[in-house]
Amino acid sequence: MTRVLARIAIVVSVAIAGFVGLLALTSHRFGRVVVADRHRLLDVPRPAHAPVVTEEMLAALPEPAQRYLRYAGVVGKPMVDTVRVRQSCRMRLAADGISFPLVAEQWYAVEPPGFIWDATVPIAGVPVVRGRDGYVAGHGMMAIKAGSVVPIVDAAGPEMDQASLTRYLSEMPWFPSAFLRERVTWEAIDDATVRVSLVDGDLRASGTMTIDPVGRLVEFRTERHAMVGDTYELRPWSAPTYGYGEFEGLRLPVRGAAVWTMPDGTDLPYIEVEVTDIASDPPIPV
């Protein structure tokens, strides 16, 4: 009996090792797709010398926007063209559902605007789910796969384009000098709130930013297309900031969330994000 159990244990161990190896292989293949997306995003000419942000660039903005950008520390810093953000996250798909960890690396381009988000759900170091989300050349996309093979989400189309540009706008606080580009416009609402808009071709994304008296971003709020089955619904969506930190001499949000307001009025914070690293204009990996 002992020999039988030992043989069973060996077979099970080999099967598990084979499965883990298969997941690693398919994850590598998924990663190659992400690399191709990243090159499409980043392989465009960049200016040799980025302009430095001056006080004059802030002068025409609503006062809360000026307060926010001064607190962020953009004055005297060069305007960035590309940004890499690394994240440690927890995601939940339902208010009463379990949460699970994921790690992500996200690359942004400022001109033209775009991003690629590469996320992994690891269990014991094994990539059981891979996801990529992005906005490149005016088009949004989202693909989530179990084992990097079995599709869970595969989304594209006009609603996805709009939703992805809106996400990009909400995440510009990680590279705040982008708010001073010509494609961005501001509208004063009150002493604590401004409306900001971003245009890319025929697409326009807008939202309100709440700024505290010190200049910290409290929340970005808008409406965004949510996937509901095979269709989309426009729902209230927000990105609150829970904490600030400092990277490269800039004060930036380092803890926050993305929140859907559900049809019954309840809020679903479906992802909580902690930023572990931000790099401006880093070397682009091959």
Side-chain angles (χ1 to χ4, degrees), residues 51-81 83 85 108-115 135 161-225 234-247 249-261 267 269 273 275 278 280:
V52 172
V53 177
T54 65
E55 276 287 346
E56 289 72 20
M57 294 179 180
L58 276 59
L61 304 183
E63 196 281 328
Q66 293 187 39
R67 188 167 73 242
Y68 158 68
L69 290 171
R70 289 194 184 99
Y71 176 81
V74 299
V75 176
K77 303 287 195 310
M79 299 180 75
V80 303
D81 291 299
V83 181
V85 178
Y108 300 88
V110 176
E111 287 293 339
F115 71 89
Y135 179 82
D161 298 344
Q162 184 69 49
S164 298
L165 184 62
T166 301
R167 170 177 170 171
Y168 178 93
L169 175 61
S170 75
E171 294 175 354
M172 282 168 52
W174 287 328
F175 44 105
S177 66
F179 283 113
L180 296 170
R181 301 284 182 162
E182 291 183 358
R183 63 177 72 241
V184 177
T185 56
W186 298 85
E187 177 187 350
I189 297 177
D190 55 37
D191 291 343
T193 314
V194 287
R195 186 168 185 82
V196 61
S197 299
L198 172 68
V199 174
D200 185 33
D202 295 331
L203 288 175
R204 181 184 183 90
S206 298
T208 58
M209 295 173 65
T210 301
I211 312 299
D212 75 6
V214 175
R216 292 171 295 217
L217 173 66
V218 176
E219 183 181 55
F220 176 92
R221 181 170 288 275
T222 188
E223 288 191 328
R224 189 176 175 214
H225 286 97
L234 199 60
R235 291 182 176 177
W237 183 86
S238 61
T241 297
Y242 301 146
Y244 258 78
E246 186 168 318
F247 290 94
L250 296 172
R251 298 187 187 99
L252 307 175
V254 294
R255 289 188 299 110
V259 181
W260 288 112
T261 299
D267 285 340
V273 177
V275 173
I278 298 179
S280 300

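No hydrogens, no waters, no symmetry mates; every other heavy atom, side chains included, goes into these values. For the single chain, residues carry numbers from 1 onward in sequence order.
A donor-acceptor contact closer than 3.5 angstrom links the side chains of Asp200 and Tyr135.
Scored by the side chain to side chain donor-acceptor pair (under 3.5 Å) test, Glu111 finds Arg183 as partners (sequence neighbours excluded). Residues passing the side-chain contact (heavy atoms from CB on, under 4.5 Å) test with Asp161 are His139, Leu203, sequence neighbours excluded. Residues passing the salt bridge (Lys or Arg N to Asp or Glu O under 4.0 Å) test with Asp267, sequence neighbours excluded: none. Residues satisfying the ring pair (Phe, Tyr, Trp, His ring centres under 6.0 Å) test with Phe115, not counting sequence neighbours, are none. Residues forming a salt bridge (Lys or Arg N to Asp or Glu O under 4.0 Å) with Glu56 (at least two apart in sequence, or on another chain): none. Applying the salt bridge (Lys or Arg N to Asp or Glu O under 4.0 Å) criterion to Arg251, with sequence neighbours excluded, gives no partner residue. Shown here are the salt bridge (Lys or Arg N to Asp or Glu O under 4.0 Å) partners of Arg181, two or more places apart in sequence or in another chain: Asp81. With sequence neighbours left out, the side chain to side chain donor-acceptor pair (under 3.5 Å) criterion links Ser280 to Glu248. Residues passing the side chain to side chain donor-acceptor pair (under 3.5 Å) test with Glu63, sequence neighbours excluded: Arg67. In this structure, the side chain to side chain donor-acceptor pair (under 3.5 Å) partners of Arg235, at least two apart in sequence or on a different chain, are Glu233.
The ring-ring contact (aromatic ring centres under 6.0 Å, His included) contacts involving residues 51-71 comprise Tyr68-Phe179, Tyr71-Tyr244, where partners must be two or more places apart or lie in separate chains. Identified under the salt bridge (charged side-chain N to carboxylate O under 4.0 Å, His left out) test for residues 188-198, with sequence neighbours left out: none.
Two residues are said to be in side-chain contact when any heavy atoms from C-beta on lie closer than 4.5 Å; Val80 and Tyr108 fail this criterion. Here the side chains of Gln66 and Val194 are not in contact, with every heavy-atom distance at 4.5 Å or above. Side chains of Pro176 and Leu252 form a contact here, defined as non-hydrogen atoms less than 4.5 Å apart. By the 4.5 Å heavy-atom criterion applied to side chains, Arg224 and Trp260 are counted as neighbours. Side chains of Val75 and Glu55 form a contact here, defined as non-hydrogen atoms less than 4.5 Å apart. Val184 is listed as a side-chain neighbour of Met172, based on a closest heavy-atom distance under 4.5 Å. The closest side-chain heavy-atom distance from Met79 to Leu180 is below 4.5 Å.
Ser206 approaches Thr222 most closely through the heavy-atom pair O-OG1, 2.6 Å. When every heavy atom of Thr54 is checked against every heavy atom of Leu58, the shortest pair comes out as O-CD1, 3.6 Å. When all heavy atoms of Ala258 and Trp237 are compared, the closest pair comes out as CB-CZ2, 3.9 Å. Considering every non-hydrogen atom in both Pro78 and Ser177, the closest pair reads O-OG, 4.4 Å. Nearest heavy-atom pair across Leu217 and Pro173 is CD2-CG, 3.5 Å. Minimum interatomic distance between Val196 and Leu169 (heavy atoms only, all atoms of both residues): O-CD2, 3.8 Å.
In this structure, OG1 on Thr193 lies 10.5 Å from CE on Met209, to the nearest 0.5 angstrom. Residue Thr261 holds its OG1 atom at 5.5 Å from CZ of Arg221, rounded to the nearest 0.5 Å. Atom OG1 of Thr208 is separated from atom CD1 of Ile189 by 5.5 Å, given to the nearest 0.5 angstrom. With rounding to the nearest 0.5 angstrom, the CD atom of Gln162 is 11.0 Å from the CG atom of Asp202. Atoms CE and CG, on Met57 and Leu69 in that order, are 11.5 Å from each other to the nearest 0.5 Å. Remark: Phe175 CZ to Ile278 CD1 distance equals 9.5 Å, nearest 0.5 Å.
In terms of modelled atom types and a separation under 3.5 Å, the side chain of Glu219 and the main chain of Thr210 share no donor-acceptor contact.
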Exercise. I would like to know whether Thr241 and Arg216 meet side chain to side chain contact (heavy atoms under 4.5 Å, CB included); could you show each step before the answer?
Key: CA-CA 9 Å; Thr241 297; Arg216 292 171 295 217; over 6 Å; no
